[in-house]
**Q** 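Below is the structure I would like to discuss, written out as structure tokens.
Computed from a predicted structure; not experimentally measured.
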Amino acid sequence: MRKHRAEARWTKGLKNGEGEVKSATGSFQSKYSFASRFGDSTSATSPEELIGAAHSGCYSMFLSALLEKENLTPEYVHTQAEVTLGEQDGAPTILKIELNTEVKADGLDNDKLQQLAQDAKKGCPVSKALNAVPEITLQATLKE
């Protein structure tokens, strides 16, 4: 079993404060703020953007592994995740995650892609961790 660590530090109040998140390996470090999370600021990240990055990264790796089990070597698997933060019962809530993946792999047909794409959505560890999200959609496109 491997443990992965990250940390965050927040200073001051909710709306006038600011924070910083970073990975224990030092490979990632970014600021975040109320405005980047709930407003229109694009000068920093947000927890939801980081969830999208984690989900798209995990999903791409998992789908690649499923393709290899079918003796298909992907040239690439490119996944985007759009995470919708809204309000539910008066509290901020992740309401939806939309995954959009494109795959290029010799010998792969669309029917097999759709099957493996759904299997990856169910099996990816981050997808499993996000089971509380009311809706996670997937669109898979085969690139030639």
**Q** For Glu20 and Gln29, indicate whether the former's side chain and the latter's backbone hold a donor-acceptor pair under 3.5 Å.
**A**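 It does not hold such a pair.
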**Q** With the side chain counted from C-beta on, respond yes when Ile97 and Leu99 share a heavy-atom pair under 4.5 Å apart, and no when they do not.
**A**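 Sidechains of Leu99 and Ile97: in contact.
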**Q** Supply the atom-to-atom distance Lys22 NZ to Ser27 OG, rounded to the nearest 0.5 angstrom.
**A**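 One gets 12.0 Å once the value is rounded to the nearest 0.5 Å.
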**Q** Who passes side-chain contact (heavy atoms from CB on, under 4.5 Å) against Leu142, sequence neighbours left out?
**A**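 Applying side-chain contact (heavy atoms from CB on, under 4.5 Å) to Leu142 gives Leu108, Asn110, Leu113.
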**Q** Between Thr11 and Glu18, is a side-chain contact (heavy atoms from CB on, under 4.5 Å) present by the stated rule, with each step listed?
**A** CA-CA 6 Å; Thr11 56; Glu18 63 182 10; 3.9 Å; yes
**Q** Give the minimum heavy-atom separation between Asp119 and Phe62, together with the two atoms involved.
**A**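 Closest approach of Asp119 to Phe62: O-CE2, 4.2 Å.
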**Q** Can you name the nearest heavy-atom pair linking Pro74 to Ser64, along with the distance?
**A**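 Between these two residues, the closest heavy atoms are CG-OG, 3.6 Å.
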**Q** Under 3.5 Å, which donor-acceptor pairs link side chains of residues 122-133 to any protein atom two or more places apart or in another chain?
**A**
unit_1, atom_1, unit_2, atom_2, d
Ser127, OG, His55, NE2, 2.7
Ser127, OG, Lys121, O, 3.0
Asn131, ND2, Lys128, O, 3.1

**Q** Please report the shortest heavy-atom distance between Ala81 and Gly52, naming the atom on each side.
**A**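 In this case the closest contact between Ala81 and Gly52 is CB-O, 3.5 Å.
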**Q** Can you tell me if Tyr59 uses its side chain to pair, donor with acceptor, with the backbone of Ala117 under 3.5 Å?
**A**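 Yes, because the side chain of Tyr59 sits within donor-acceptor range (under 3.5 Å) of the backbone of Ala117.
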**Q** If you round to the nearest 0.5 Å, how far is NZ of Lys143 from NE2 of His78?
**A**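 Those atoms lie 10.5 Å apart.
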**Q** May I have the step-by-step check of side chain to side chain donor-acceptor pair (under 3.5 Å) for Thr101 and Thr79, ending in yes or no?
**A** CA-CA 4 Å; Thr101 193; Thr79 306; 2.8 Å; yes
**Q** If every non-hydrogen atom of Gly13 is compared with every non-hydrogen atom of Asn16, which pair is closest and at what distance?
**A**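 Distance-wise, the nearest heavy atoms are N-OD1, 3.0 Å.
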**Q** Please go through Trp10's hydrophobic cluster and name the other residues, only I, L, V, M, F, W, Y counting, with side-chain heavy atoms under 4.5 Å joining them.
**A**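 So far as hydrophobic clustering goes, Trp10 is joined with Val21, Phe28, Tyr32, Leu50.
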**Q** Please round to the nearest 0.5 Å and tell me the distance separating atom CD of Glu98 and atom OG1 of Thr137.
**A**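 These two atoms lie 4.5 Å from each other.
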**Q** Which value, rounded to the nearest 0.5 Å, describes the distance between Asn100 atom CG and Ser56 atom OG?
**A**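 These two atoms lie 11.0 Å from each other.
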**Q** What's the separation between atom SG in Cys58 and atom CG in Leu63, rounded to the nearest 0.5 Å?
**A**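 One gets 11.0 Å once the value is rounded to the nearest 0.5 Å.
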**Q** Nearest 0.5 Å, please: how far is NZ in Lys112 from CG in Leu66?
**A**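 Separation between the atoms: 10.0 Å.
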**Q** For the pair Thr93 (side chain) and Ala91 (backbone), establish whether a donor and an acceptor sit closer than 3.5 Å, ignoring hydrogens and angles.
**A**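 Indeed, once roles are kept as given, a pair shorter than 3.5 Å links the two residues.
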**Q** At their closest point, which heavy atom of Glu49 faces which heavy atom of Ala44, and how far apart are they?
**A**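 Scanning both residues completely, I find the closest heavy atoms to be OE1-O, 4.4 Å.
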**Q** Please give me the minimum heavy-atom distance between Glu48 and Val83, naming the atom from each residue.
**A**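 Minimum heavy-atom contact is O-CG2, 3.6 Å.
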**Q** Applying a strict under-4.5 Å side-chain criterion to I, L, V, M, F, W and Y, I'd like to know whether Ile136 and Met61 cluster together.
**A**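 No, Ile136 and Met61 fall in different hydrophobic clusters.
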**Q** Side-chain contact, heavy-atom cut-off 4.5 Å: Phe38 with Leu85?
**A**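 Contact flag for Phe38/Leu85 side chains = yes.
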